[in-house]
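Please read the structure below before turning to the comments.
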Amino acid sequence: MLEEAERWLSRRSWSVADRPLDRLAAAKRASGASVSVVLPALDEQATVGAIVSEIRRELIERTSLVDELVVIDSGSSDRTAQVAREAGAKVVHRDEILPRIAPLPGKGEVLWRSLLVTSGDIVAFVDADLREFSADFVSGIVGPLLTDPDVAFVKAMYDRPLGEATGQGGRVTELMARPLLNMHWPLLAGFVQPLGGEYAARRSLLERLPFPVGYGVELGLLVDALHTVGLDALAQVDVGVRKHRHQDGQALGRMAAAIYRTAQVRLARGHLVRPELTQFERGERGFVPRTYAVDTEERPPMTGIAEYAHRRVA
């Protein structure tokens, strides 16, 4: 690891216990900063309600650490929206946001659009499929942003069990993202969970970054944040253990392809042929090829969107 990355690892890596809730509440009052939490959700009726309830109870009603809790539903076919609303979240459908631009499928698309329907100075993103959710996931990632004006972007780090096996989750991280970062952006080698879906940033940074629309959004934002504000403005906080639904190997392959493409665009910044990924499934007559388009689209920085600029003026 580069010496600069090692120094960063010791200076900008914390535990959630380093910033108790009472200290964060006092820091929030002193700073006057507002905090929005966004949950991107697609068919997460089994978990989204418990997450929303925990955030409301611990961080809105008990400590007033969070000002706004928004679930962005990207087209659920189950009761995700109803469950989230009944638990106390504001629910907005992806297609209702910026309707003049046709929505694309993908998590990054939802996160990008969420900037238009939230108002917090600090925006925290939390995946909606987490089980045994703790409010530490939110307080941990917003904590450094409330207490240190030099920090602009914070990722959560945690253990990721795979079934009963500890430390075996994050397969795409270990097989794709970590090698890419170590080879091409070694300053980011100290991030434990570079693809984790729990992170927070200052709005003033997020609105200046492009958002890959699909699985590449976490890697894209991390790399672009490094180039925009520098390594010392990035941080990570240990929040414990993350339990969630795991995807099968082929879904992980598609995720890895999108992440590689996101990295490729940032390395080349030129015109590249739209890639595809062919995978194989065993059928009645042998292996059958299935070809998928790899997510390549990116949304521009939100500061270039007229509706966003108009909202800020208004």
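The structure presented is a predicted model; accordingly, all values stated were derived computationally and were not measured.
- Contact check on Arg94 versus Asp73 returns no salt bridge, with no Lys/Arg side-chain nitrogen under 4.0 Å from an Asp/Glu carboxylate oxygen.
- Comment: Glu198 does not engage Lys155 in a salt bridge, judged by the lack of any side-chain N to carboxylate O separation of less than 4.0 angstrom.
- Of the listed residues (Lys107, Glu298, Glu218), just one forms a side-chain contact (heavy atoms from CB on, under 4.5 Å) with Pro212, and that residue is Glu298.
- Side chain to side chain, Thr147 and Arg19 meet the donor-acceptor criterion of an N or O pair below 3.5 Å.
- Because its NZ or CZ atom is not both nearer than 6.0 Å to the ring centre of Phe211 and within 45° of the ring axis, Arg299 does not count as a cation-pi partner of that residue.
- Panel note: side chain Asp67, backbone Ser36; no donor-acceptor pair is recorded below 3.5 Å.
- Between Arg203 and Glu207 no salt bridge is recorded (no basic side-chain N to carboxylate O distance below 4.0 Å).
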- Walk me through it: do Ile72 and Leu39 pass the test side chain to side chain contact (heavy atoms under 4.5 Å, CB included)? CA-CA 6 Å; Ile72 311 292; Leu39 276 68; over 6 Å; no

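- Taking CD1 of Ile141 as the start and CE of Met157 as the end, the distance is 13.0 Å to the nearest 0.5 Å.
- For Ser76 (side chain) and Asp78 (main-chain N/O), no donor-acceptor pair under 3.5 Å exists by modelled atom type.
- Side-chain rings of Trp8 and Phe191 approach one another, their centers coming within less than 6.0 Å.
- Closest non-hydrogen pair, Trp185 versus Ala263, comes out as CH2-O, 3.7 Å.
- Thr173 places no side-chain N or O within 3.5 Å of a backbone atom of Gln193 that could act as its donor or acceptor partner.
- For the pair Arg12 and Asp148, the salt-bridge criterion is met [side-chain N within less than 4.0 Å of a carboxylate O].
- Note on Arg100 versus Glu307: salt bridge recorded, some NZ/NE/NH1/NH2 to OD/OE distance being below 4.0 Å.
- Formation of a donor-acceptor pair under 3.5 Å by the Thr118 side chain with backbone atoms of Gly120 is not found in this model.
- Tested against Phe125, the residues Trp112, Phe153, Tyr199 include a single ring pair (Phe, Tyr, Trp, His ring centres under 6.0 Å) partner, Tyr199.
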- side chain to side chain contact (heavy atoms under 4.5 Å, CB included) between Leu42 and Thr80, intermediate numbers included: CA-CA 7 Å; Leu42 176 64; Thr80 291; over 6 Å; no

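- Electrostatic pairing of Arg261 and Glu297 does not count as a salt bridge here, judged by no charged N lying under 4.0 Å from a carboxylate O.
- Salt-bridge check for Asp224 with Arg208: failed, with every basic side-chain N at 4.0 Å or more from each acidic carboxylate O.
- By the 4.0 Å N-to-carboxylate-O rule, Asp121 lies too far from Arg202 to be salt-bridged with it.
- Without hydrogens or angle criteria, Arg113 side chain to Ile97 main chain gives a donor-acceptor distance under 3.5 Å.
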- Hey, mind stepping through Ser77 and Asp43 against side-chain hydrogen bond (donor to acceptor under 3.5 Å, both in side chains) and telling me if it holds? CA-CA 6 Å; Ser77 59; Asp43 295 331; 3.3 Å; yes

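- Put simply, Val213 and Ile305 are part of two different groups of oily side chains (I, L, V, M, F, W, Y) that touch within less than 4.5 Å, one to the next.
- Within the model, atoms CD of Glu58 and OG of Ser53 stand 11.0 Å from one another, a figure rounded to the nearest 0.5 Å.
- The main-chain N or O of Gly190 is found under 3.5 Å from a side-chain atom of Gln236 such that the two form a donor-acceptor pair.
- In this structure, Glu4 does not pair ionically with Arg7, as no charged nitrogen and carboxylate oxygen lie closer than 4.0 Å.
- Proximity of a side-chain donor or acceptor of Arg56 to a complementary backbone N or O of Gly88 within less than 3.5 Å is detected.
- Put simply, Ile101 and Leu116 are part of the same group of oily side chains (I, L, V, M, F, W, Y) that touch within less than 4.5 Å, one to the next.
- Note on Leu181: it clusters hydrophobically with Leu226, by side-chain heavy-atom contacts below 4.5 Å among ILVMFWY residues.
- Atoms OG and CD, from Ser34 and Glu68 in turn, are 8.0 Å apart once rounded to the nearest 0.5 Å.
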- Using the side chain to side chain contact (heavy atoms under 4.5 Å, CB included) rule, take Phe133 and Val126 through it: C-alpha gap first, then chi angles, then the decisive distance, then the call. CA-CA 10 Å; Phe133 178 79; Val126 176; 3.8 Å; yes

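- Under a 3.5 Å cut-off, the side chain of Ser31 and the backbone N or O of Lys28 do form a donor-acceptor pair.
- Under 4.0 Å is where a charged nitrogen must lie from a carboxylate oxygen, and between Arg178 and Glu174 at least one such pair does.
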